[in-house]
Amino acid sequence: MPELPEVEVVKKSLKKTINHLTLKQIQIHNKYLRYEINQNLMKKMISSKILSIDRRSKYILINLSNDHTILIHLGMTGKIIIRVKKNNFNSSFYFDLKGSSNKHNHVIFKFNKGIELIYNDVRKFGFIKIEKTTNLDNSFHLKKLGPEPLSNKFNINYFINNTKKKEIYLKDLLMNQKFVSGLGNIYVNEAIYLSKINPKIKVNKISKKKVIGLIANIKKVLKKAIKEGGSSIKDFSSVEGEDGNYQQYFNVYGRKGERCKHPNCMGIIRALKISNRSTFFCPKCQKY
DNA sequence: TTCTTTGTTCCGGA
DNA sequence: GTCCGGAACAAAGA
């Protein structure tokens, strides 16, 4: 389940492997992802060169020389696989399609040097769209997004100014991409745990001291996860097929019934649903 | 067969 | 009218 750290890891891999290449051909095996792919518009990208590759929230942005950007969202199970033809300059770059079957290779972008980008997605909740680069910030998917959690805009004043009248659960606030963009269920659960706050506290009831800790913990968790190559549970792996390592640092996510890792706590991790999302917390550490 | 998963939208109730 | 949160939806595998 790719959240900000996993998408950042993918972006870094793409920068190393496909930046500045020229798009030669696009094969669309299945255009019905979350949104139907506009094949005519897609074809117009052919013969353009990749100028740069960025990430915004959980979106990968591939900026082309024709003033268009390929925007990719991985949804739940989307994967990007880079494949280099075996007989081309370096066989060690030929990667097996680890953990994914060809059946779910929906789109293949072919570049020069025999390099291919494969979009594979079992559930098809991800999508690929083309946007005008100049209009990117005002595009349908990006215009509503709140600040990046690792940016300076996401700070104590921003948090307090935007929550003092809100009567919503902390968990829901952090999951809301309009408030802060890029967090998902895993890292929200983990950051709230580290901050020793109950996920069901109403956001206007959190002390300033706790808010300061929470913001620091969100940034800390994300940075550490990026450093560890993301979390590999279910389907995530990097474009080279490498698993991330952050899942070994989980304190609460997926640990229902297990002991709290906090020294001397001995609490048992509980699971409940908040807005239909699995929520994990330690009832002893995370009082209101 | 039913449940699970995520991000987003929709809608009922307060 | 506004706010909140549960339900629904997309698809496929266990």
Side-chain angles (χ1 to χ4, degrees), chain A residues 1-8 10 28-37 55-61 71-80 97-107 119-129 139-149 161-192 198-206 222 225 230-237 244 246-247 250 252-257 271-280:
Chain A
M1 276 150 288
E3 301 180 28
L4 187 153
E6 289 75 31
V7 177
E8 178 67 18
V10 169
I28 300 177
H29 299 295
N30 185 348
K31 62 179 179 177
Y32 297 106
L33 303 180
R34 178 196 277 261
Y35 305 107
E36 183 178 347
I37 292 173
R55 176 192 61 75
R56 174 81 176 93
S57 184
K58 302 172 195 175
Y59 295 85
I60 292 161
L61 307 169
L71 181 148
I72 302 175
H73 192 286
L74 300 172
M76 285 174 62
T77 55
K79 282 180 162 188
I80 288 174
L97 306 187
K98 184 183 169 189
S100 59
S101 75
N102 289 348
K103 182 180 165 188
H104 302 297
N105 288 347
H106 305 305
V107 183
Y119 181 77
N120 174 291
D121 192 347
V122 173
R123 296 282 194 278
K124 298 208 281 276
F125 283 10
F127 57 90
I128 302 173
K129 275 194 178 177
S139 65
F140 180 78
H141 294 283
L142 303 190
K143 68 180 177 191
K144 293 172 284 189
L145 294 176
E148 288 281 325
N161 290 336
N162 288 281
T163 56
K164 51 191 168 195
K165 289 177 187 168
K166 291 210 185 294
E167 283 278 337
I168 59 173
Y169 301 139
L170 172 60
K171 174 91 187 305
D172 279 343
L173 176 80
L174 299 181
M175 295 290 283
N176 186 343
Q177 305 299 303
K178 291 173 194 157
F179 177 74
V180 59
S181 64
L183 297 174
N185 206 21
I186 292 173
Y187 298 104
V188 166
N189 273 298
E190 294 297 320
I192 293 177
N198 191 284
K200 266 198 155 179
I201 194 172
K202 300 278 177 153
V203 291
N204 57 359
K205 300 287 193 299
I206 308 172
L222 295 175
S231 303
S232 288
I233 56 168
K234 307 271 164 131
D235 295 287
F236 176 74
S237 59
Y246 191 76
Q247 64 280 4
F250 287 173
V252 286
Y253 188 85
R255 296 190 69 244
K256 178 186 178 182
L272 52 81
K273 294 265 185 187
I274 297 177
S275 294
N276 264 342
R277 287 290 178 277
S278 300
T279 304
F280 302 92

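Below, each value reflects all heavy atoms present in this structure, side chains not excepted, and no hydrogens, waters or symmetry copies. Proteins get letters first, then strands, A, B, ... in listed order; numbering begins at 1 in each.
The phosphate of B/dT4 (OP1 or OP2) has no side-chain N or O of A/Ser278 nearer than 4.0 angstrom.
One finds the CZ atom of A/Arg55 at 11.0 Å from the CD atom of A/Glu6 (value rounded to the nearest 0.5 Å).
Under the 3.5 Å distance criterion, the side-chain polar atoms of A/Gln177 are matched with a main-chain donor or acceptor of A/Met175.
Ring orientation note: the planes of A/His73 and A/Tyr59 are nearly perpendicular, at an angle over 60° on the 30°/60° scale.
Within 4.0 Å (heavy atoms only), A/Lys178 reaches no atom of the nucleic acid at all. Counting any heavy atom pair closer than 4.0 Å across all strands shown, A/Tyr59 reaches sugar-phosphate atoms only and no base atom. Note on A/Asp121: nothing from the nucleic acid sits closer than 4.0 angstrom, heavy atoms only. Residue A/Lys202 is classed as a sugar-phosphate contact, given heavy-atom separations below 4.0 Å to backbone atoms only.
The number of heavy atoms from other shown groups lying within 6.0 Å of NZ (A/Lys166) does not exceed 12.
In terms of position along DNA chain C, the nucleotide closest to A/Lys165 lies nearer the 5' end than the nucleotide closest to the other residue of the pair A/Lys165 and A/Tyr32.
None of A/Val7, A/Leu145, A/Leu142 except one satisfies the side-chain contact (heavy atoms from CB on, under 4.5 Å) rule with A/Ser57; the exception is A/Leu145.
Aromatic ring centroids of A/Tyr119 and A/His104 lie 6.0 Å or more apart.
Nucleotides of DNA chain C with any atom under 4.0 Å from a heavy atom of chain A span, from 5' to 3', C/dC4 to C/dG13.
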